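All remarks here apply to the structure that follows.
Just so we're on the same page: letters track the sequence lines, and every chain starts at 1. Not measured: the values here are computed from a predicted model.
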Amino acid sequence: MNGCEGWVASAGHILGGTVLKVNGSSHSTDVRERAAEVARTVFGWPSLRPGQAEAVEAVVEGQDLLAVMATGYGKSAIYQIAAHLLEGPAVVVSPLIALQADQVRHLAERTHDDEEAVAVNSSQSASANRAAWESVASGAAEFVFLAPEQLAKEEVLERLEQARPGLVVVDEAHCVSAWGHDFRPDYLRLGAAIERLGHPRVLALTATGSAPVRDEIVERLGMRSPRIIVGGFDRPNIRLAVRRHEHDHEKEQAVLEQVVGLEQPGLLYVATRGDTERLADVLSERGLRAAAYHGGLKAGERREVHRRFSDGELDVAVATSAFGMGIDKADVRYVVHADITDSVDSYYQEVGRCGRDGEPATATLHYRQEDLGLRRFFAGGKADHARVRSVTSALSTGRPTPAGDLAESSGVSARALTGVLNLLIEAELVREEADGFTLVRKVADAEAIRAVDEVVDRRTRIDESRLAMVRGFAETLRCRRQYLLEYFGDAGTEPCGNCDTCESGSAYEHDDEDATSGFRVDERVEHPEWGEGRVMSVEDDRLTVFFESVGYKVLSRELVEEKGLLAPE
DNA sequence: CGGTCCGCTTTTACAAGCGGACCGGTGCGGTAAT
């Protein structure tokens, strides 16, 4: 079968590393034909792409599946078609209410059926939510869209249980790893919610996923022997460059000058809300149609900026990381970062918003070492000891307690409670059972606090190692694209010829010979101090390994071999 | 961690330098106040 190049699928448990080429000569032509039929008759698509067909087939045959595919490739088609081939409605977990509304509208338009897709959330009236549940109960709704916070509610789980869903879709699944630990703790509770629904097939979808992020999605969602389909990450039409700066002011001038000179439209990412407004003002003065966008704007203002950008009424949107999900504008010509991001994953996701039409586009990172400070601050944070004490003492009855009762007896708000429970579960001090949360054994306050602090410290170390990797991108002398592709697991590429280090020749000077060590990318290894890890990249003189306890570590190959530091697991 | 702002000091400024305080991202849901 042609068109499969660049696609790999791996089977087995997350720790299993079997990588298989997608097998085109499938024995289940039946499923494929039915999928193609649904695509044609229900959605009006002439045919399915290779990754899509493979994915639909796996899901329909009962496998859990993680699909990592570029935005615009058609991830939504996978769950839409699979849902039509399966009994029961599909529960679609989506991070933003605005995205839910988009999907509901598109599905209604496509199928000419208002009850086909419904959403339940806090932005709708109580009567609209009631009507949505009625459509689910009657079987009229094929899709129900929910934020993870909804799945934390007993009432919601009961209604879904009764509807006997055939599929749970987790859209933008990288949010599990990016947001679950602090920002939106209900993302870490999704696995338990899925179990509660009897573990229907799980389909996780995302456009970004380095190996550790993929592993975490699979683990946190409790996916069983999942199939993993990974599309190619390369976006060769995007020119990559980093410009280094000494002083803040000089950096800002360079950013403004560059943005004014580029072919429009484009995106300018900055770190703070204040900077979005300030730089948007300056760019307006310099003749561009510019607007600021950040999470602090009123809903109406956000919608309006989004609309103007999408409709081509803006040259540049100056935004924090709030701007992104749900943007599918094809002709964005550049993404400029005035500040470094918190990880390579975030950086590449934001960069990926330009050049979707395949035409040349540019991505420039303006980098100062001092900018890492803000990211370090965001990576920090401490557990609230008073809350931990309240929750552990409320749990000391020894009886399993539902979250609702626990919020009441501990005096901790429902939302903060979820965060504390996540930490206690990760510290292996609390277990979730069918009828509530329970301590695994009697625990003294001091021990609980020490254990929780350890979990938080481990998270911080991992976040800091992710920051170190994006710093590595900013400072590398090698080909920028090779660096990114290796980060995402595509080893053995050549210098790309379309980045600043290739242009300066530096990439070729530092293009390492083929690695000849015994280590290979993706291999699971064990380190005496840091425990289990996974090889991320192998270079001439060093190895990059992601350890579950400390995050990314760059190791000298000479030392590793001399001391026998890493043993295959 | 780094920047900005404010107020204090200082061989009395149409000023400058310093130290401390404060701030900084992503969104859900529900509640309180109009």
Worksheet entry | Span that lies between the P atom of dG27(B) and that of dG19(B), in whole angstrom | 39 Å
Practice prompt. Send over the distance from Trp179(A) CH2 to dG27(B) P, rounded to a whole Å.
Written response: 6 Å
Discussion item. Checking base pairs now: Watson-Crick or wobble, both atom distances under 3.5 Å. What partners dA32(B)?
Written reply: none
Practice prompt. Using a cut-off of strictly less than 4.0 Å, decide whether Lys153(A) has a side-chain nitrogen or oxygen near OP1 or OP2 of dG29(B).
Written response: no
Worksheet item: Rounding to a whole Å, what distance do you find between Asp182(A):CG and dT26(B):P?
Response: 13 Å
Worksheet item: When all nucleic acid strands are considered with a 4.0 Å heavy-atom cut-off, which category describes Pro148(A): base, sugar-phosphate, or nothing?
Response: nothing
Discussion item. Output the rounded distance in Å from CG (Asp248(A)) to P (dG24(B)).
Written reply: 17 Å
Practice prompt. Could you tell me whether Ala271(A) contacts a base, only the sugar-phosphate backbone, or nothing, with contacts defined as non-hydrogen atoms closer than 4.0 Å?
Written response: sugar-phosphate
Worksheet, complete the sentence: Across every strand shown, the nucleotide meeting Watson-Crick or G-U wobble geometry with dT11(B) (both distances under 3.5 Å) is none
Worksheet entry | Gap between atoms CG and P, on Asp342(A) and dG25(B) respectively (whole Å) | 13 Å
Discussion item. Under a 3.5 Å cut-off for both contacts, is dG2(B) paired Watson-Crick or G-U wobble with anything, and if yes, with which nucleotide?
Written reply: dC23(B)
Worksheet entry | Inter-nucleotide P distance (dT26(B), dG30(B)), Å rounded | 22 Å
Worksheet item: What is the distance, rounded to the nearest whole Å, between atom CG of Asp371(A) and atom P of dG24(B)?
Response: 17 Å
Discussion item. Taking any heavy-atom pair under 4.0 Å as a contact, classify Asn121(A): base, sugar-phosphate, or nothing.
Written reply: sugar-phosphate
Worksheet item: Side chain of Thr272(A): nearest nucleotide among dG24(B), dC28(B), dT26(B)?
Response: dG24(B)
Worksheet item: Of the nucleotides dG27(B), dC1(B), dG29(B), which one has an atom closest to the side chain of Arg376(A)?
Response: dC1(B)
Worksheet item: Mind checking the P distance from dG7(B) to dT11(B)? Whole angstroms is fine.
Response: 22 Å
Worksheet item: Do the ring planes of Tyr347(A) and His337(A) sit parallel (below 30°), tilted (30 to 60°) or perpendicular (above 60°)?
Response: tilted
Discussion item. Just by distance, no angles: are the side chains of Thr401(A) and Asp405(A) close enough, under 3.5 Å, to form a donor-acceptor pair?
Written reply: no
Fill in: Distance-only polar pair, side chains of Arg353(A) and Tyr334(A), donor-acceptor under 3.5 Å
no
Discussion item. Are Arg196(A) and Glu161(A) packed together at the side-chain level, in the sense that at least one heavy-atom pair is separated by less than 4.5 angstrom?
Written reply: yes
Discussion item. Against the six-membered ring of Phe473(A), is Arg480(A) placed for a cation-pi contact (under 6.0 Å from the centre, within 45° of the normal)?
Written reply: yes
Fill in: Nucleotide dG3(B), atom P - distance to CD of Glu370(A) in whole Å
6 Å
Worksheet item: With respect to the phosphate group of dG27(B), does any side-chain polar atom (N or O) of Arg302(A) fall under 4.0 Å of OP1 or OP2?
Response: yes
Item to complete: Report yes if at least one side-chain N or O of Arg273(A) is closer than 4.0 Å to OP1 or OP2 of dT26(B); otherwise report no.
Response: yes
Item to complete: Please state how far atom CG in Leu372(A) lies from atom P in dG25(B), giving the value in whole angstrom units.
Response: 17 Å
Worksheet, complete the sentence: Taking for Phe183(A) and for Arg368(A) the nucleotide of DNA chain B with the nearest heavy atom, the one nearer the 5' end belongs to Arg368(A)
Item to complete: Whole angstrom is fine here: how far is it from CE in Met325(A) over to P in dG27(B)?
Response: 7 Å
Item to complete: Please determine, for the side chain of Glu149(A), which listed nucleotide (dT26(B), dG30(B), dC28(B)) has the closest atom?
Response: dC28(B)
Item to complete: For dG29(B) and dG25(B), measure between their P atoms and round to the nearest Å.
Response: 23 Å
Fill in: Phosphate contact (dC28(B) OP1 or OP2) by Ser123(A) side-chain N/O below 4.0 Å
no
Worksheet item: So, is Gln150(A) near the phosphate of dG29(B), with a side-chain N or O under 4.0 Å from OP1 or OP2?
Response: yes
Fill in: Torsion-based syn/anti label for dC6(B), 90° from 0 as limit
anti
Worksheet item: So, Asn121(A) versus Gln150(A): side-chain donor-acceptor pair below 3.5 Å or not?
Response: no
Worksheet item: Is the closest side-chain donor-acceptor distance between Ser94(A) and Gln100(A) under 3.5 Å?
Response: no
Practice prompt. Would you check if Phe377(A) stacks with the base of dG24(B), given a 5.5 Å centroid limit and a 30° plane limit, both strict?
Written response: yes
